[in-house]
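As structure tokens, the structure follows; a few thoughts come after it.
Lettering follows sequence order; numbering is per chain, from 1. Computed from a predicted model, the values in this text were never measured in an experiment.
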Amino acid sequence: MLEMKVFRESPEKIFEDLKKRNLPKDIALSVIDLDNKWRKLIEEGNRLRAKRNTISKTIGELKKKGTDFSEVLKKMTNLKNDLVQNEKDTEEALNIRDSKRMLVPNLLESEVPIGKDENGNVELSKKGIINDNKKWLSHQDILEGINGADLKRASKITGRRFYFLTGDLARLELALINFAVEMLCEKGYSLTTPPFLMNREAYEGVVDLSDFEDVMYKIDEHDLYLIATSEHPITARFKNEIIELKEGPLKFAGISTNFRREVGAHGISDRGIWRVHQFSKVEQVILCKPEDSKKMHKEILDNATNIFEKLEIPYRVIDICTGDIGTVAARKFDIEAWMPSTNKWKEVVSASNCKSYQSVRLNMRYRTSEGTDFPHTLNSTAVATTRALAAILENNQTDNGDVIIPKVLRKWMGNQEIIKAK
RNA sequence: GCCGAGGUCGCUUAGCCCGGUAUAGCGCCGGCCUUGAAAGCCGGUGGGAAAUUUCCCUCGGGGGUUCAAAUCCCUCCCUCGGCGCCA
């Protein structure tokens with residue numbers, strides 16, 4: 001959510017942005033309107049409380065002297081009724097203001113390409129050799145061939161879009177995690193295993209409200225949600241705190257299993273393990289001063305591209321446009337891996353700079369020489385295992401359906417070089 | 001899960017029994033002093049609204065009693081110790 005400062009001091013910035021996103025400016029206008037209403041009520045309430053406090057003090061003094069104070073006490077009755085009403089109105093006004101405020105999306109970086117939908121996204125770079133003169137098997141066919149996953153029985157005991165990873169492929173998943181973790185730890189990221197469940201209040205600080213309907217699984221009797229990414233608990237970790245950034249940005253490598261409902265997601269290319277309800281992921285999370293966030297955004301994107309380069313998977317970097325970027329990010333880059341069976345680039349990484357949008361909602365600040373300010377939060381996939389595995393299976397397949405293990409992963413596979421088809 | 005002790009400003013802490021402006025130290029910021037620094041001394045160090053000086057809120061969260069609640073009562077959350085259960 002945006003700071004009230006922006007609504008009060010430079011609302012034109014918000015209007016311009018909403019225009020870029022093709023959204024009406026009514027929501028922002030209603031926030032400004034409700035804010036004025038709230039401020040009037042606060043002022044009124046303060047006046048009433050000031051009066052109450054003086055009367056109360058007088059009573060204390062009269063009582064001490066032993067003088068009768070029943071006259072003064074009478075004044076209090078009406079005052080208290082007014083105050084109760086005022087407090088109710090004030091709370092309601094603030095709630096409505098902030099529920100509207102949460103609907104106003106983040107301010108975009110000026111470089112974000114203008115576009116209606118994902119067709120407006122811009123390719124920034126491309127790496128790797130693409131060979132389309134051979135017959136490529138799909139990752140789901142290879143999975144079957146190498147006995148890498150058991151989707152059928154997973155659906156029997158849990159449901160659609162769940163899986164058992166088995167044998168060498170399960171081991172390859174751990175290798176991917178180890179590879180990404182080692183790389184990030186060497187760069188000073190602090191490895192963090194978060195809770196996999198979060199309560200509603202904390203969760204509201206880090207996601208778009210519609211995610212509660214479409215993305216998160218809820219544990220009903222406990223006010224808990226299964227996390228959709230370790231970014232959520234790691235960012236929310238410092239809710240209502242003043243963090244110390246004097247020694248530079250806080251860098252975390254989060255590792256977790258992630259749970260997603262994927263409501264409304266369909267498509268033939270989503271078969272296999274591409275789009276699933278549960279997957280492991282190593283995530284990068286940064287908390288930094290505003291002046292550092294652009295540099296850090298580049299760093300986490302570079303880390304992610306570095307991983308795919310070392311895995312020798314062809315990829316390209318996409319600059320997400322205004323129509324596709326969503327509510328929270330101010331700038332977002334995706335990395336798409338080449339999937340030869342379908343001749344398509346498909347998303348494997350998303351790297352976002354959320355600026356202060358999350359920290360405002362979380363009431364997380366850092367100390368400056370003048371006081372406190374809201375830090376910027378950034379997040380990026382390092383490696384989401386199921387998608388990276390699918391990309392490896394397709395790109396590293398041999399003519400008879402074996403899979404060559406990427407060189408950088410072999411040390412975690414007992415130096416095994418290949419996964420043989422059965 | 002049960003019993004006991006706790007939760008006070010960035011950190012530590014007094015105040016709670018017995019209701020009436022939240023105490024002190026550390027840290028941090030600024031100033032004096034200094035060639036520079038440390039020490040020392042002085043001032044400032046939670047949030048909001050209004051504008052130069054004031055008002056309001058803030059003692060884990062919520063509710064109640066009261067003219068008045070950090071303080072009394074209820075309730076929930078969390079931490080520590082003990083017991084129980086347990087990978």
Measure the acute angle between the ring planes of A:F162 and A:Y217, then classify it against the limits of 30° and 60° as parallel, tilted or perpendicular.
-> tilted
Expressed as a whole number of Å, how far does the [atom1] atom of [N] sit from that of [M]?
N	M	atom1	result
B:rA50	B:rA14	C1'	34 Å
B:rU71	B:rG6	P	15 Å
B:rU45	B:rG60	C1'	23 Å
B:rC55	B:rG36	C1'	45 Å

Kindly write out the residues that satisfy side-chain contact (heavy atoms from CB on, under 4.5 Å) with A:P113, not counting sequence neighbours, or none if the list is empty.
-> A:V122, A:D319, A:C321
Go through RNA chain B in 5' to 3' direction and return only the first and the last nucleotide with some atom under 4.0 Å of chain A's heavy atoms.
-> B:rG10 to B:rA68
Salt bridge check, [Y] against [X]: does any charged N sit closer than 4.0 Å to a carboxylate O?
X	Y	answer
A:R275	A:E262	yes
A:R171	A:D168	no
A:K281	A:E231	no

Which part of the nucleic acid, if any, lies within reach of A:T58 when heavy atoms closer than 4.0 Å are counted: base, sugar-phosphate only, or nothing?
-> nothing
Pull out every stem in RNA chain B, meaning runs of 3 or more consecutive Watson-Crick or G-U wobble pairs with both distances under 3.5 Å.
->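 Looking at RNA chain B, the stems formed by three or more consecutive pairs are B:1-7 with B:77-83, B:10-12 with B:24-26, B:27-32 with B:40-45, B:46-49 with B:54-57, B:60-64 with B:72-76.
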Count the heavy atoms belonging to other residues, nucleotides or ligands that lie under 6.0 Å from NZ of A:K37, then report whether that count exceeds 12.
-> no
A:R200 charged N/C atom sitting above A:F212 aromatic ring, 6.0 Å / 45° = yes
Just by distance, do the side chain of A:Y189 and the backbone of A:G254 share a donor-acceptor pair under 3.5 Å?
-> no
